[in-house]
Structures are given as C-alpha cells and as structure tokens.
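Taking it in order: structure first as structure tokens, then the write-up.
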Amino acid sequence: MKTYREYIIQFILFSYLFLWPSQANPAGEISEDEVKAAYIYRIIKFVEWPESILPKGRDALTVCLFGEDPIEKVLEPIKKLKAQGHAIRLERLGSMQSDRVCHVLFIGDKEEHHLKEILHLIKHLSMLTVSDIESFVSKGGMIGFVLKSGRVQLEINVEASRKAKIKLSSDLLEVATLLKVTRP
Amino acid sequence: MRMHFPTSLLAEWGIVIIFSFVPLMTVLRRVKGAKPEIPELFELSLEELCNIQVHIPAALTKLSPEEIPASITVIRRTLFLA
C-alpha cells in the first residue's frame, strides 16, 4: 500500500510534467501575428466599401483568410466585435473563387506563389487585400504588413484600392507608407 | 523499490515545499496572465499599433559552406628580448 509520502511525490512529479513554465511566449511579449490581427480589426474601421457591396447596417462584414497562417488563431476574437455597425464574420478559405463574398481578404505568406492568380481573380471585386507577403503592395496588393526595427508597419497601394472602389480614410493613410505609382 | 526519505519530518516537508514551488508559481502566473476574451490590442489605435515592439522568436540562420572557414590558424608574434 502506498504511503501518503509516495502520493505527494507522485503529485509533484505530475505537476512538473504538466505545468513546466512554457517559454513559447513569455508574459508581456506581443507576437507579430497578434499585432497584425489587431491591425486588421482597426483597418476595417477606416475603410469604406461601395454601398452595393456592404449596405449600411445590413449584412456582416466578412474577413476571409486564404491559406494556412498562424494569424487565424489570434484573429478569432474579431468575431465577437463589431465594425461600422456590422457584425464581423471570419472565414477560412481553402480555395479562391471569384463569387466569394469577402470584404477583407488576408493572404498568408505561404500563398505567395498563388498571389498573381488570386489578385487576377478578384481584380473586379471590391475586396480589400491584406498580406504580410514581401513587397505585397508593389505586387498589386492593397495593404501590406512590413517589419521595421521590430515594429509592424503598414504599406498601402492607394491605386489598387481606388481601382477596387474602396475608400481609405486619411487617418489610415497618415500612418502608412504609400506606394508611389509612376506612370510613363 | 522503496524510496528512502530523510529521517527528519521537517527536512522531508522542506523538500516537498521546495519542489512544489515551480508548479505553484506556474499556476499563479497563468491565472494572473490569463488572456481576456477580447485582447487589449484590439482596442489600440493605429498609431499605438505602429509603435509596438514585437517579440521575434530566434531563428536559425542558414549558412552556406563557403561562409564557414574550414579551419582557423592563429599566428602569434613572439617578442624576444635580449
């Protein structure tokens, strides 16, 4: 029969096994993906879609995620929030079709090789494209996340958003680096 | 096989308390740092988000064999004093 001491030792050993302090994300440190998720929510508030795409007060605002990306997990709380009087719906897309209803499309950096096709497929839609793919805005995307000195910064391609009939507020443009389009 | 414990009850409980410290502190830290339903980050303004220093986990840097010297020879100059 086991003595109480053996029970205590077993309990402590199990505690070590399950409760060893995790070093994955030590307290107080904010990950890049957490900041990007917060940016997506904040950006939505400074964007205006055509009335036909997002009627005021009606329909949910859909944020689509294309490709597997760790941002999906940290973006989950957005479903409990509202923006511009719309409930927010989060959708994960496995494939891209032009009849998808997405107001915001986040393209994971693993989908870089599909970027050209995706942008071509949605070029006539009023879909705000956001991504952390390198040089995303110069490749035709609208809002790109770039890491500068350990901070997540925004790059915006105003021309691309204008073509998609998406209006970006001056408050949003103020904090971002704008892509200059030079015409011959 | 039976474990041998210190004969003194006080020493025995001392060991138990010391070894319980790490799991106990971990539980307390997790309870204290438990994330709320809506993270505070979602309430920050664009300007505030721009200024957040993010945690970048360490990554392995791939080096090509050309960049790594096969060996290092140290040449020392010995000074002979007359």
Side-chain angles (χ1 to χ4, degrees), chain A residues 2-6 8-43 45-46 74-81 83 88 145 147-154 169 171-177, chain B residues 1-69 72:
Chain A
K2 283 183 181 176
T3 63
Y4 78 97
R5 286 183 288 203
E6 283 170 324
I8 289 172
I9 287 174
Q10 277 183 358
F11 174 74
I12 293 171
L13 289 175
F14 273 105
S15 306
Y16 267 82
L17 202 66
F18 293 109
L19 296 170
W20 191 257
S22 162
Q23 293 300 313
N25 190 6
E29 286 175 343
I30 301 163
S31 77
E32 205 180 318
D33 289 320
E34 284 174 308
V35 175
K36 286 173 189 170
Y39 259 129
I40 291 175
Y41 172 63
R42 193 52 56 182
I43 287 168
K45 297 190 162 195
F46 294 100
V74 285
L75 202 53
E76 278 291 312
I78 207 173
K79 292 195 281 191
K80 293 170 194 147
L81 298 166
I88 302 173
F145 294 128
L147 199 63
K148 280 181 193 165
S149 318
R151 291 175 174 90
V152 181
Q153 305 290 303
L154 297 175
S169 140
D171 293 326
L172 177 61
L173 301 177
E174 239 172 57
V175 296
T177 307
Chain B
M1 207 176 96
R2 274 189 73 81
M3 284 177 156
H4 295 282
F5 294 100
T7 46
S8 156
L9 193 68
L10 193 69
E12 198 176 285
W13 277 102
I15 290 168
V16 166
I17 290 164
I18 288 165
F19 279 90
S20 308
F21 186 74
V22 172
L24 187 73
M25 289 314 288
T26 310
V27 169
L28 286 175
R29 207 174 75 173
R30 285 190 190 175
V31 168
K32 200 180 161 189
K35 289 189 175 178
E37 228 173 306
I38 306 292
E40 281 175 25
L41 274 180
F42 283 82
E43 288 157 22
L44 298 183
S45 69
L46 284 170
E47 289 83 5
E48 284 167 325
L49 288 170
C50 284
N51 291 315
I52 288 178
Q53 191 80 34
V54 295
H55 168 69
I56 305 158
L60 289 172
T61 310
K62 201 179 168 185
L63 288 173
S64 65
E66 297 84 50
E67 288 172 86
I68 310 162
I72 297 169

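Chain naming here is simple, since letters A, B, ... match the order of the sequence lines and numbering starts at 1 in each.
Residue A:Val175 comes nearest to B:Glu47 through the heavy atom pair CG1-OE2, 3.7 Å, listed as atom of the first residue, atom of the second, then distance.
For the pair A:Tyr41 (side chain) and B:Glu43 (backbone), a donor-acceptor distance under 3.5 Å is absent. With A:Arg42 contributing its side chain and B:Phe42 its backbone, the two residues share a donor-acceptor pair below 3.5 Å. With hydrogens and angles disregarded, a donor-acceptor distance shorter than 3.5 Å links the side chain of B:Gln53 to the backbone of A:Ser149.
In this view, A:Phe46 satisfies the ring-ring contact (aromatic ring centres under 6.0 Å, His included) rule with no residue, not counting sequence neighbours. Listed by chain and residue number, A:Glu76 satisfy the salt bridge (Lys or Arg N to Asp or Glu O under 4.0 Å) test with A:Lys79 (two or more places apart in sequence, or in another chain).
Contact annotation for A:Ala37: both backbone and side-chain heavy atoms come within less than 4.5 Å of a heavy atom of chain B. In this structure, chain A has a heavy atom under 4.5 Å from the backbone of B:Leu44, while its side chain stays farther away. Using a 4.5 Å cut-off between heavy atoms, A:Leu172 contacts chain B through both its backbone and its side chain.
Contact check for B:Ile56 versus A:Leu147: side-chain heavy atoms found under the 4.5 Å cut-off.
Rounded to the nearest 0.5 angstrom, A:Lys148 NZ and B:Cys50 SG are separated by 10.0 Å. The CG atom of B:Leu49 sits 13.0 Å away from atom NZ of A:Lys36, with the distance rounded to the nearest 0.5 Å.
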